[in-house]
Amino acid sequence: QVQLVESGGGLVQAGGSLRLSCAASGRTFSNWAMGWFRQAPGKERKFVAAISGAGNRTDYLDSVKDRFTISRDNAKNALYLQMNSLKPEDTATYYCSTDSSYSTIQAGRGVDYWGKGTLVTVSS
């Protein structure tokens with residue numbers, strides 16, 4: 001049974017940094033794309049970042065492109081999101097995801113597996 005468990009969320013001041021982690025279990029993920037999504041209160045869940053199985057391709061939401069970095073450690077079945085220069089508009093619940101298709105992660109529809117999320121709150 002596949003499980004994705006996020007951690008690392010919390011309260012941070014604007015301009016600060018957080019590092020989110022996602023621990024994956026239940027299968028080998030090195031061939032699967034992984035991604036981060038976020039959902040702000042009252043809004044739809046939105047794509048944030050994706051990374052290919054080998055880690056050699058990444059894509060980002062435009063508004064986070066120069067501030068967030070997605071990475072993975074396949075030996076540990078782990079996914080990370082380093083978030084720098086955080087802004088109040090980054091406040092959301094952040095979700096880890098995985099799918100056999102990179103394009104599915106980018107589209108955010110039909111993704112095979114989701115975590116339960118970790119809350120990030122950025123105060124002004």
Side-chain angles (χ1 to χ4, degrees):
Q1 181 179 357
V2 173
Q3 279 195 316
L4 302 174
V5 180
E6 302 93 338
S7 61
L11 175 63
V12 63
Q13 286 190 330
S17 298
L18 281 175
R19 188 191 194 211
L20 304 184
S21 299
C22 173
S25 62
R27 61 160 291 130
T28 300
F29 292 92
S30 57
N31 292 331
W32 281 43
M34 299 191 79
W36 289 98
F37 290 74
R38 68 187 183 188
Q39 186 169 19
K43 297 190 176 180
E44 290 188 353
R45 187 159 54 189
K46 180 183 289 190
F47 167 81
V48 174
I51 188 166
S52 62
N56 55 350
R57 178 183 176 181
T58 57
D59 286 281
Y60 295 92
L61 177 68
D62 282 347
S63 62
V64 310
K65 199 168 287 188
D66 297 322
R67 301 184 293 122
F68 291 8
T69 302
I70 189 171
S71 62
R72 65 191 295 164
D73 185 338
N74 286 337
K76 296 182 179 179
N77 267 1
L79 176 71
Y80 306 102
L81 186 68
Q82 178 66 44
M83 305 186 295
N84 299 328
S85 302
L86 283 161
K87 304 176 181 180
E89 51 264 44
D90 295 318
T91 294
T93 298
Y94 284 71
Y95 297 90
C96 171
S97 64
T98 188
D99 194 275
S100 58
S101 165
Y102 190 88
S103 59
T104 296
I105 291 287
Q106 286 184 294
R109 292 189 178 89
V111 173
D112 282 340
Y113 300 105
W114 295 95
K116 294 185 178 180
T118 185
L119 179 62
V120 172
T121 304
V122 184
S123 62
S124 57

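Worth knowing before you read on, the calculation uses all heavy atoms, side chains too, and leaves out hydrogens, waters and symmetry mates.
One distance of note links OH of Tyr113 with OG of Ser97; it measures 12.5 Å at 0.5 Å rounding. Note that CZ of Arg19 and OG of Ser71 are 6.0 Å apart. Values are rounded to the nearest 0.5 Å. Taken from CD in Gln39 to CD in Glu44, the straight-line distance is 8.0 Å, to the nearest 0.5 Å. Between atom NZ of residue Lys87 and atom OG of residue Ser124 there is a gap of 14.0 Å, rounded to the nearest 0.5 Å. Rounded to the nearest 0.5 angstrom, Asp59 CG and Ser52 OG are separated by 9.0 Å. Rounding to the nearest 0.5 Å places OH of Tyr80 at 12.0 Å from CD1 of Ile70.
Looking at Arg57, its side chain never comes within 3.5 Å of a backbone N or O of Ala50 through a donor-acceptor pair. Counting only distance, with no hydrogens or angles, the side chain of Asp99 and the backbone of Asp112 share a donor-acceptor pair below 3.5 Å.
When all heavy atoms of Lys116 and Glu6 are compared, the pair lying nearest together is N-OE1, 3.2 Å. Nearest approach of Ser85 to Arg67, heavy atoms of both residues: O-NH1, 3.0 Å. Considering every non-hydrogen atom in both Ile105 and Ala33, the closest pair reads CG1-CB, 3.9 Å. Between Leu81 and Ala49, the shortest heavy-atom distance links the atoms CD1-CB, 4.3 Å. A pairwise comparison of heavy atoms in Ala92 and Ala40 identifies CB-N, 3.8 Å as the closest pair. Of all non-hydrogen atoms in Ser63 and Arg38, the two that sit nearest each other are OG-NH2, 3.9 Å.
In this structure, Tyr94 and Phe68 have tilted ring planes: the angle between them lies in the 30° to 60° band.
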Practice problem: For side-chain contact (heavy atoms from CB on, under 4.5 Å), just list the numbers for Asp90 and Val120, CA-CA rounded to whole Å, side-chain angles, deciding distance to a tenth of an Å, and then say yes or no. | Solution: CA-CA 8 Å; Asp90 295 318; Val120 172; 5.6 Å; no

Practice problem: Just do the side-chain contact (heavy atoms from CB on, under 4.5 Å) check on Phe29 and Arg72 with the steps written out, would you? | Solution: CA-CA 10 Å; Phe29 292 92; Arg72 65 191 295 164; 4.0 Å; yes

Self-check item: ring-ring contact (aromatic ring centres under 6.0 Å, His included) assessment of Phe47 paired with Phe37
Solution: CA-CA 4 Å; Phe47 167 81; Phe37 290 74; 5.8 Å; yes

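Under 3.5 Å, the side chains of Ser101 and Ser103 contain a donor-acceptor pair of N or O atoms. No side-chain donor-acceptor contact under 3.5 Å links Asp66 and Tyr60.
Here the side chains of Gln82 and Ser17 are in contact, with some heavy-atom distance below 4.5 Å.
Shown are Leu61, Val64, Leu20, Ile51; of these, the side-chain contact (heavy atoms from CB on, under 4.5 Å) with Trp36 is made only by Leu20. Here the options are Leu11, Val12, Leu18, the test is side-chain contact (heavy atoms from CB on, under 4.5 Å), and the partner is Val122; only Val12 passes.
Salt-bridge check for Asp62 with Lys65: passed, with a basic side-chain N closer than 4.0 Å to an acidic carboxylate O.
Annotation: cation-pi geometry satisfied between Arg45 and Tyr95 (NZ/CZ under 6.0 angstrom from ring centroid, within 45° of ring axis).
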